[in-house]
Protein chains: 2
Amino acid sequence: MLADASTLLAAAGLQPTRQRLAIVAELVREPNDVTAQELHDRLCARGPAPGLATVYRTLTRLEEAGVVDALTHHAGELCYRLCGGDHHHHFVCSSCHGVVEVGDCRLEPWLEDLADAHGFAVTGHRVELEGVCATCR
Amino acid sequence: MLADASTLLAAAGLQPTRQRLAIVAELVREPNDVTAQELHDRLCARGPAPGLATVYRTLTRLEEAGVVDALTHHAGELCYRLCGGDHHHHFVCSSCHGVVEVGDCRLEPWLEDLADAHGFAVTGHRVELEGVCATCR
DNA sequence: CTTCCTGCAAAGCATTTGCATCCAT
DNA sequence: ATGGATGCAAATGCTTTGCAGGAAG
């Protein structure tokens with residue numbers, strides 16, 4: 001179940017301005033990750049849009065609040081996506097660049113073994129899978 | 001056992017110029033990952049150094065050849081480090097920023113299940129573990 | 001009113017590239 | 001000699017910031 005834009009802004013402690021509502025609404029509607037620039041482009045395509053700087057500022061605030069995730073698939077740019085809170089990883093298709101979420105993460109047992117073997121405390125992990133998706137094969 | 005600079009350059013199919021030798025020698029001497037700029041700074045501190053552009057060009061070539069790994073812990077910059085050729089992943093300490101290589105990757109069975117379930121062909125994967133290392137705890 | 005937000009343009013960084021020169025083979 | 005390598009500076013691309021005008025509580 002997806003939260004609506006104003007709820008998400010409230011959760012982040014941000015004023016629900018017209019621009020921010022548009023930005024978050026676009027995020028809600030976007031299944032894949034987007035860069036700030038892509039998000040801005042989509043907003044422009046819909047009509048009068050917030051400025052690019054506002055998009056950046058808003059995404060930064062949302063990330064600080066834990067409402068969105070910032071991912072670094074490609075060096076040199078950040079990808080954002082609403083973060084549902086549930087643990088998952090991403091499969092990126094090298095042909096169409098689509099992103100598929102993959103739940104069912106089976107790393108935990110491995111991580112526990114690692115912690116034991118190397119003596120470090122693992123607090124998080126990120127997995128990126130690369131390949132070709134069903135429609136592109 | 002660490003290979004020496006000229007061996008590594010030969011492995012990457014690059015001419016062993018004075019500049020490249022200096023760059024790789026610095027990498028050999030560096031246990032943690034470094035950005036191109038940090039590497040350049042260290043070279044400068046040692047005396048006459050290759051230009052920054054050369055450092056970038058060399059690291060890019062070395063990465064293509066699989067001699068170094070490029071990591072994206074921080075957004076907006078790449079970190080490089082010499083890497084053994086065997087399959088492994090990285091654990092990054094959030095306190096000292098040290099990097100530990102972790103072999104013993106147990107993702108394969110999971111990946112096969114995923115391929116079956118979603119119909120995509122997984123050609124590669126990358127795992128980054130975050131946490132606190134043994135000495136920093 | 002007072003504080004926070006926005007837009008625009010300029011500034012900042014990390015990285016890449018163009019081009020003339022230089023070195024290794 | 002000849003193709004690849006280097007240096008420098010300019011260009012690029014993403015992101016951040018300064019500042020003056022505007023909207024929200």
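Each chain gets a letter, A, B and so on, in the order the sequences are listed, and its residues count up from 1.
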query: What pairs with B/Asp113 under side-chain hydrogen bond (donor to acceptor under 3.5 Å, both in side chains), at least two apart in sequence or on another chain?
result: A/Arg106
task: Just jot down the ring pair (Phe, Tyr, Trp, His ring centres under 6.0 Å) partners of A/His40, sequence neighbours excluded, or say none.
output: none
field: First-last contacting nucleotides on DNA chain D - partner chain A, under 4.0 angstrom, heavy atom
entry: D/dC14 to D/dA24
task: With sequence neighbours left out, write down each residue that passes ring pair (Phe, Tyr, Trp, His ring centres under 6.0 Å) with B/His90, or none if nothing qualifies.
output: B/His88
query: For B/Ser6, which residues count as a side chain to side chain contact (heavy atoms under 4.5 Å, CB included) partner, sequence neighbours excluded?
result: B/Asp4, B/Leu21
- line: When the rotation axes relating C1' atoms of four end pairs to the next four are compared across the helix from C/dC1-D/dG25 to C/dT25-D/dA1, five pairs an end, they differ to 10° by 30°
field: Counterpart residues, ring pair (Phe, Tyr, Trp, His ring centres under 6.0 Å), relative to B/Tyr56 (two or more places apart)
entry: none
- prompt: Does a side-chain N-to-carboxylate-O contact under 4.0 Å join A/Arg81 and A/Asp33?
  reply: yes
- line: With sugar-phosphate taken as primed atoms, P, OP1 and OP2 and all else as base, the protein-contact string of nucleotides 15-25 of chain C at under 4.0 Å (heavy atoms; B, S, -) is BBBB-------
- request: Could you list all the side chain to side chain donor-acceptor pair (under 3.5 Å) pairs where at least one residue sits in residues 60-71 of chain A, not counting sequence neighbours?
  value: none
- request: Rounded to the nearest angstrom, tell me the gap between atom CG in A/Leu43 and atom C1' in C/dG7.
  value: 15 Å
- prompt: Which residues pass the side-chain hydrogen bond (donor to acceptor under 3.5 Å, both in side chains) test with B/Glu26, sequence neighbours left out?
  reply: B/Arg29, B/Arg46
query: Mind checking who shares a hydrophobic cluster with B/Val132, ILVMFWY linked at side-chain heavy-atom distances under 4.5 Å?
result: none
- line: Sorted by chain and residue number, the ring pair (Phe, Tyr, Trp, His ring centres under 6.0 Å) partners of A/Tyr80 (sequence neighbours excluded) come out as none
